[in-house]
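Before any comments, here is the structure.
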Amino acid sequence: MENNHFGKLTERMHNFREELLNAKPYVCAERAVLTTESYRMHADKPVVLKRAYMLRNILEHMTIYIEPQTLLAGNQASANRAAPIFPEYAMDWVMEELDRFEKRDGDVFYITEETKEKLRELAPYWEHNTTKDRGLAAMPESSRIFYDLGIIKAEGNITSGDAHLAVEYEKVMRLGLKDYERRTREAMERLELTEAENLKKFYFYQAILIVIEAVRNFASRYSELALAQAAGLEKGEPDEMRRAAELREMARILSKVPYEPAESFAEALQSMWLIHLVLQIESNGHSLSYGRMDQYLYPFYKKDLESGKETEESACEKMTNLWLKTFTINKIRSWSHTQFSAGSPLYQNVTVGGQTADKKDAVNPMTWLILKSVAQTKLPQPNLTVRYHAGLSAEFMNECIEVVRLGFGMPAFNNDEIIIPSFIEKGVKEGDAYNYSAIGCVETAVPGKWGYRCTGMSFLNFPKSLLIAMNDGVDPESGVKLCEGAGHFRDMTCYGDVERAWDKIIRNFTKHSVIIETCCDMVLEETVPDVLCSSLVEDCIGRGKTLKEGGAVYDFISGLQVGIANMADSLAAIKKCVFEDKIMTPAELWDALMNNFEGEKGLWIRNLLLAAPKYGNDEDYVDSLIRSAYEVYIDEIKKYHNTRYGRGPIGGIYYAGTSSISANVGQGMGTLATPDGRKAKEPLAEGCSPSHGMDRKGPTAVFKTVAKLPTKEITGGVLLNQKVTPQLLSKPEDRQKLTMLLRTFFNRLHGYHVQYNVVSRETLKAAQKNPEEYRDLIVRVAGYSAFFNALSRQTQDDIIERTEQNF
């Protein structure tokens, strides 16, 4: 039975949604052409000015349009859902895959012959001239080998921009870009240009003024277009005349924001959307998030409700319009990168709930409206996160569960009770810590004050690292000696030998992950500074520095550790089967792994491994092993600094994170059989979730296991996916059980995060068989949702095989 708890989209928003779902995602060459043109024209300029002129050229000449259903203006590409090419980051994969985009197993994109020809024409200019080219060239050979072998994956860092932050949307709305312009001019006037550092600041300030003017003119282009469209409708039918009035109001708003302060709810939404959009045009970095939208939009909403300018219904329609526009943004990745981000996610996160700076419940009427509008729109974007705290009302929790019931993987829940103390311990001011928001998947940061990449720097494959540790520092698949090990597993006589080998290898690999990430950051800083984005984060203007130079107030980052559950189960199987029960020798286990458990003996060994204690069942035996192994990595990563350390921001250090998105599938394909009984090339476990079918004691046991991880040190996010059937939440008493379970996990066990897939195995199987009948089926992949039909077959199978929990 259809769930109408939240009502339905208005007719025009329903039609807009249908239009977007029917739109084929094309590759768009427009930005690539305009970028190349600008780079050629301004080749002699300092890089920060070259980037500013590039953005101005794009905003002045790109195709613009206003859809007939929309109340918000602004488009990313020449058509909705089209994906621009960003040639300054990488072009090699674009040219290699030009004829394969439509033939992909998942994340299919269409491309015209005309677009192909345009890209072929400009490609020679970018040869050996992109961030990817420079990033790979910058890596020392001793570290580059880890990248090439897929042990440490960082392709997304050098083939796209950074993002992974939320800018100062509240301040832009309240003060307008004119205030940023004023502050920039005042800072320029104070500079003594005989000092080299001040000359660099001068160029940065010039760049800010260029892009602010460009954004203002971009808005004016839409204002003029809206007036032109209105003029063609003013003498038409009543519906056309009503549309003409809407267009004239849009034109008025666009002639004002985002340069001037917003004074109404509609102005605030347009201001925010245009800024968000231009940031995605400036850089194709993903996880650009909206921050705590219910907090900064509420004053506008409250004022317009009280004056009668808005009703709940009209405001809800505008919010659904914003979500539909958010969904129009698209991104194409290389196929190898796509396997780490299946479903073309943009991870544009909206955070609601939580607490105010004075520690009171922050839920307000705008919070409820955001829940309602997201539920009505039911799309993979935006990524909705609820900040949980012990004081959340039962009514609000019930409303959140009603959204969960809709089965599109939202909202995710992040826990104030663990995240805020973790931030404060790391030096974040208490007021800022209470203002954190989710960024992208489950990672967290302070909006408008945090630098790029609070997480997602690189992916470190734990199970593959374990195999190398067991093989005396040699990658068993390639035969490459990566570092000095602590002996071969065949010769180990106790579990302590395994621990010593892991300690030696993971510390070495962690060091190389930092080297790779540092190379990426150096190249991004030198070649693709983001001018608008930097200007909208404190205190880049005050310091005269871009984000990569250390302009943010805070700058903490993390890589992502992949295969947590496989690592746990592998260690438990080794300890139990080999060294305690002695039912197989080290040599027998190693041979079975290298033979992928083939043959009668291999099958016998695999069955024994699968019967060993498993992560996710609240068994201290296995849970203590992964905690100890993880703490080695955490201890090592604390030793290192990022490239902004000592250059201004508080922090400049690393911490851990498990938000592995769909990297579990990609990295699983490059990993031989593992001691947990997993066969070669099969997906690894995602996030910190248990391996498929290995959590056999229900959701409470899973929560208890995850809570034993060193959560306070995994500030980059402890991602837990759970899966239930729709029938399990069909009764009010069952929904109350889920609420009680969540409160226990967060209040008593101090869990970090959880999110739910509410879909049955049967539905997913049917969708694989008859995809045309399940066009609207959305699933939670990792820290984000995606249309099931957009995913590769292997990622679909991975989701199908996840354990279905029962209460």
Side-chain angles (χ1 to χ4, degrees), residues 45-46 48-56 59-60 74 165-193 195 197-223 252-264 267-279 281-282 291 296-297 299-300 432 435 446-451 529-554 648-649:
K45 304 289 194 307
V48 72
L49 283 170
K50 181 159 57 178
R51 295 290 291 173
Y53 287 123
M54 175 207 73
L55 184 58
R56 186 178 74 178
L59 298 184
E60 285 180 350
L165 86 174
V167 299
E168 295 179 310
Y169 289 113
E170 183 275 334
K171 190 174 284 188
V172 173
M173 292 175 182
R174 183 165 48 86
L175 301 175
L177 290 180
K178 66 187 296 183
D179 186 70
Y180 292 82
E181 185 180 67
R182 175 191 61 79
R183 288 166 51 205
T184 301
R185 290 191 187 281
E186 290 175 355
M188 284 181 76
E189 290 172 3
R190 293 193 294 267
L191 292 176
E192 172 50 66
L193 297 185
E195 296 180 19
E197 282 301 309
N198 284 345
L199 202 55
K200 287 179 65 178
K201 292 179 182 180
F202 181 74
Y203 300 143
F204 175 47
Y205 291 144
Q206 278 187 310
I208 293 174
L209 296 178
I210 291 167
V211 299
I212 287 177
E213 181 185 26
V215 173
R216 188 180 187 182
N217 292 338
F218 189 51
S220 294
R221 289 184 69 198
Y222 284 106
S223 179
R252 182 196 68 79
I253 291 172
L254 287 157
S255 69
K256 178 180 180 180
V257 299
Y259 184 73
E260 299 284 348
E263 297 178 278
S264 69
E267 290 176 2
L269 285 183
Q270 181 64 74
S271 177
M272 173 179 60
W273 167 243
L274 212 61
I275 291 295
H276 185 79
L277 174 69
V278 175
L279 291 173
I281 294 170
E282 179 178 42
Y296 60 75
L297 275 184
F300 297 99
D432 288 337
N435 192 42
V446 179
K449 293 187 176 181
W450 209 281
D530 293 327
V531 181
L532 180 64
C533 191
S534 294
S535 71
L536 301 181
V537 175
E538 292 293 337
D539 187 27
C540 289
I541 292 177
R543 292 181 185 153
K545 293 182 174 184
T546 64
L547 283 163
K548 281 294 186 188
E549 292 173 319
V553 174
Y554 303 107

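Everything quoted here is computed from the prediction, not taken from an experiment.
Of all the heavy atoms in S271 and V172, the pair that sits closest is OG-CG1, 3.8 Å. Between L254 and A219, the shortest heavy-atom contact is O-CB, 3.4 Å. Across K449 and A552, no two heavy atoms sit closer than the pair O-CB, 3.7 Å.
In this structure, CE on M54 lies 8.5 Å from CG on L59, to the nearest 0.5 angstrom. Here the straight-line distance linking atom CG of D432 with atom CH2 of W450 works out to 9.0 Å at 0.5 Å rounding. F300 contributes atom CZ, which lies 9.0 Å from atom CD of E263 (distance to the nearest 0.5 angstrom). Atom CD in E213 sits 7.0 Å away from atom CZ in R56 (nearest 0.5 Å). The distance from the OG atom of S264 to the CE atom of M173 is 10.5 Å, given to the nearest 0.5 Å. With rounding to the nearest 0.5 Å, the separation of OG1 in T184 from CD in E189 is 11.0 Å.
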List the steps and the verdict of side chain to side chain contact (heavy atoms under 4.5 Å, CB included) for Y259 and V215. CA-CA 8 Å; Y259 184 73; V215 173; over 6 Å; no
Test side chain to side chain contact (heavy atoms under 4.5 Å, CB included) applied to K200 and E197, step by step: CA-CA 5 Å; K200 287 179 65 178; E197 282 301 309; 4.1 Å; yes
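Put simply, the side chain of L177 reaches to within 4.5 Å of the side chain of I275, judged on heavy atoms. Looking at P299 and E170, their side chains never come closer than 4.5 Å, going by heavy atoms from C-beta outward. Contact check for L274 versus V257: no side-chain heavy atoms found under the 4.5 Å cut-off. R185 places a side-chain heavy atom less than 4.5 Å from the side chain of E181. With contacts defined as side-chain heavy-atom distances shorter than 4.5 Å, the pair P261/K178 qualifies. At least one side-chain heavy atom of Y169 sits less than 4.5 Å from a side-chain heavy atom of H276. Between K45 and R51, every side-chain heavy-atom pair lies at or beyond the 4.5 Å cut-off. With a 4.5 Å cut-off on side-chain heavy atoms, L547 and C533 count as touching.
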Please output the side-chain donor-acceptor pairs of residues 202-209 that fall under 3.5 Å, not counting sequence neighbours, one pair per line with the distance.
from	atom 1	to	atom 2	distance (Å)
Y205	OH	I541	O	2.6
Y205	OH	G544	N	3.4

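Between Y180 and E168, the side chains place a donor N or O and an acceptor N or O closer than 3.5 Å (distance only, hydrogens not considered).
Under a 3.5 Å cut-off, the side chain of S534 and the backbone N or O of D530 do form a donor-acceptor pair. In this structure, E282 contributes its side chain and L532 its backbone to a donor-acceptor pair below 3.5 Å. Here the side chain of N198 pairs a donor or acceptor atom with the backbone of E192 at under 3.5 angstrom. Although no hydrogens or angles enter the test, the distance criterion places no donor-acceptor pair under 3.5 Å between the side chain of R543 and the main chain of E549.
Ionic pairing of R183 and E538 is present here: one or more N-O contacts between side-chain nitrogen and carboxylate oxygen are shorter than 4.0 angstrom.
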